[in-house]
Amino acid sequence: MRQCSSCDYIQFFLKPQHLSPKAPGFIRKGTETKDSSVCHLKTREPLLAGTPQMTQKESKTGTCPRPLGARLRRRPPLPNSSPRVRTPAAGGRLAESACAGLLSLPGSSRGPQARGTMAFIRKKQREQQLQLYSKERFSLLLLNLEEYYFEQHTANHIFCEGRQNERKTRGSLKICSKSVIFEPDETFQPIVKIPLRDCIKIEKQGDNGANSLFAKTRQGRISLVFSQVYFIKEHNIVAPYKIERGKMQYVFELDIAGKVEDVVETLLQLHRASCLDKLGDQTAMITAILQSRLARTSFDKNRFQSLSEIFKMECKAEMVTPLVTNPGHVCITDTNLYFQPLNGYPKPVVQITLQDVRRIYKRRHGLMPLGLEVFCTEDDLCSDIYLKFYESQDRDELYFYIATYLDEETEADRGQVIRHSHIAKNHITEHTAESYMLQWQRGHISNYQYLLHLNNLADRSCNDLSQYPVFPWIINDYFSAELDLSNPETFRDLSKPIGALNKERLERLLIRYQEMPEPKFMYGSHYSSPGYVLFYLVRIAPEHMLCLQNGRFDHADRMFNSIAETWKNCLDGATDFKELIPEFYGDDFSFLVNNLKLDLGKRQGGKMVDDVQLPPWASGPKDFLQKSKEALESNYVSEHLHEWIDLIFGYKQKGNEAIGAHNIFHPLTYEGGVDLNSIADPDEKVAMLTQILEFGQTPKQLFVIPHPRRITTKVKSLPRPSSQSASLADSPVSPGEESFEDLTEESRTLAWNNITKLKLHESYKIHKEAITGIAVSFNGSSVFTTSQDSTLKMFSKESRTLQRSISFSNMALSSCLVLPGDNTVISSSWDNNVYFYSIAFGRRQDTLMGHDDAVSKISWHNNRLYSASWDSTVKVWSCVPLEMTGTKKHHFELLAELEHDVSIQSV
């Protein structure tokens, strides 16, 4: 029997007698995929001309993100910021609230590690797999800032009304809080959007005289007279919106004539709101209309998946996707989480089975504690639903119900058929920045994974472009023919923010900073904002960019044209301080290639904007990403990444340390920078919220003291005769014995081949993270294992069932052993403690707190406990059990302490 050091299986092997040389060795854990009934939310991208199209019935399954960039036009500029910037939107001890609200099941500590899974791309791929494409072209991205889609009606657009050549175009009429949108069924015809503020007259036709010849035929018609109209997606091609100005009249005929009066009354009410002079008054009136609609409706309990479901709670909330929020009702039962959109879009009900939930995060939205994000996967950047609540109490109550369910869920292995003799709890691990920091320090997770974990803990989400995950520029050389990762000059200085890398620019900024009145800030734009995220992703998310830019792409010379040009502008530009996004270190290079053949404009030299120009050292986009990943995981970056973490997530983010590091941004970007609830003026409140959402937000502070460096070691790798999947741990060599390195090449080959003769007898998946320790009871009946998922598990060899699962803390456990008598199991942990667990009584007996850093290994000999730690010591303890009230307690006495120069891995 042995454990695999890189996966979560325990395996039993038979001795290699009478075995075939082709007998299997280790069976490694594969990527776990699972089809479930969970409604994955997707951001549907429109199809271009010539691509397969969807049926209208299937169309209601996508999600959509937010409004026309009218908001950019209305956003008041930040004080002393450049008028050219329109949408800019760290060690050791934890800040007190740094990790509040993150819960995940054991096994999710690896977190979102799927590289290149952009929110836009991943959701589109899910739709393709589920065949959800439809010819429906409408998207919530067509709406304006804080605009809501209320209802739709099947209707005809009437051309040449009352004439002999009158004709009709069939489609769907959408009633929104600031506009009327007509989507023709024929995809070659454009979507028509009429802003309500531009309407001159809205009326029902057929009112003037009951004897009119046309009264009967006009009973279901609505007339709109307006001065401006938008035409969108003509021939179903994603392109800048076309605008037509001048006095016009459109007539729409509803299929159900009896609804005309209600629709006209609704439009007149919304028209009054859109025509109010002050933006704050507009928002207040539209919010009142929305809340009135929500108050008149409730969750339809006929949507429950089962009649036996037990209702827990219901509240109002909004579903958040990139640039969009969609209001509705949230309901949770004993088995499912539901969201029912007020408008039935993108589908009547979004349902998530609680059993499938793997991670939940409390989020800030608009710097307020109102968000909740739910993941049904362990390795996906994209969540299954992101909800924004109107009251933080509702968010906290829903979080409590989901967390309680996960804590009480019956543990069952989804990959193996294991029948449990006892019901065991699915212990939830509350992962902290400190626990991930320890894993990263020891090399258990990569730089990429660690940065994703920190972004998650700091409220960064792919569904919120104002808080999109932020990654650093790493490479400084985009002009050489070869990329030399052994040369420190190849890399950017990670100890400085982007704005401080150019000394001359920094001097100019410091002069302005000194002359600036309070509140002072050094940079007029942020390093992460919706505008910057979509700057990078425009080729895969063009509709989002059109939404953000008032229906237009940016000027061709300001687009993401070249890696080298973008880096140079970040170094030299007066207002450009942007960092990167995770996609630059992923596997999906589609954001660098104009696969959609978008017309992004023509540059001054006459060249059309197409694929992103790559540095000379990259042979193509795939090679560029591969070398970027290698740079991120290089020794130089591993040794200096903590300096960048100090700036973005750590102690140099705020206060005097931030001033000294030249790392000061506008106060509105920081958590606690403004209390929106205390602002009485509605205009000022809307302006503040708009700036917060579009200018960018600084991540939540995770560390308040300097972040420690990563422990980098050079490991000598042994040559292997073939690509064997098995791996061996280093073992001590007794005096007089040959070490593995002393063997001849022929002997090495023979040694490896002998390993493959071991025959796999049994394999059980009982952990969700790498197993760190294994021990067998003296009578051979039970196997005890510890894992990085923070659990100690007891497995019965006789009944082949998992009997117990114990969690002592939220940190990884590093090793375990069984004391003589089979009554007590001892386990060491990364939280610096050693735990004693009573098998007979099924509870923790004692805790030995004897080290200043993680305990890496423990051993027992002659009533002596030996504990090795990353604090560079091995301690010898006298452990005398005492009988106290029927349970065994232990008295510890330190007998000796052995010191090393570096941390200790084994004893």
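The basis for the numbers below is simple: all heavy atoms, side chains too, and nothing from hydrogens, waters or symmetry mates. All figures in this text were calculated on a predicted structure; none of them were measured in a lab.
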Handout entry: R395 to F389 six-membered ring, cation-pi geometry met (6.0 Å, 45°)
Key = no
Exercise for the section: Say whether, by atom type as modelled, one donor and one acceptor occur between the side chain of D646 and the main chain of P706 under 3.5 angstrom. Expected result: no
Practice task
Indicate whether any N or O donor in one side chain lies under 3.5 Å from an N or O acceptor in the other, for N810 and S435.
Solution key: no
Practice task
Report, as yes or no, whether the 6.0 Å neighbourhood of atom CD on E507 holds more than 12 heavy atoms from other residues, nucleotides or ligands.
Solution key: yes
Practice task
Can you label the angle between the H666 ring and the F521 ring as parallel, tilted or perpendicular, going by 30° and 60°?
Solution key: tilted
Exercise for the section: Decide if the gap between the ring center of Y532 and the ring center of Y468 is smaller than 6.0 angstrom. Expected result: no
Problem - Sequence-distant partners of D683, side chain to side chain contact (heavy atoms under 4.5 Å, CB included), two or more places apart - result: K278, L279, D681
Handout entry: K578 NZ/CZ over F535 ring centroid, <6.0 Å and within 45° of normal
Key = yes
Exercise for the section: Could you label the plane-to-plane angle of the F665 and Y523 rings as parallel, tilted or perpendicular, counting under 30° as parallel and over 60° as perpendicular? Expected result: tilted
Fill in the blank from the handout: side-chain hydrogen bond (donor to acceptor under 3.5 Å, both in side chains) with Q467: of R460, R364, R363, only one passes, and it is R364
Problem - No-hydrogen, no-angle side-chain donor-acceptor test under 3.5 Å, R710 and N447 - result: yes
Practice task
Kindly write out the residues that satisfy side chain to side chain contact (heavy atoms under 4.5 Å, CB included) with I498, not counting sequence neighbours, or none if the list is empty.
Solution key: W473, R492, L501, R505, W567, C570, F577, E579
Problem - Polar contact flag, side-chain donor to acceptor under 3.5 angstrom, Q449-Y436 - result: no
Practice task
May I ask you to check whether Y585 and Y448 place their ring centres under 6.0 Å from each other?
Solution key: no
Exercise for the section: Return yes if a side-chain donor-acceptor contact under 3.5 Å exists between S495 and H640, otherwise no. Expected result: no
Handout entry: Side-chain H-bond candidate by donor/acceptor type, S466 with Q697, under 3.5 Å
Key = yes
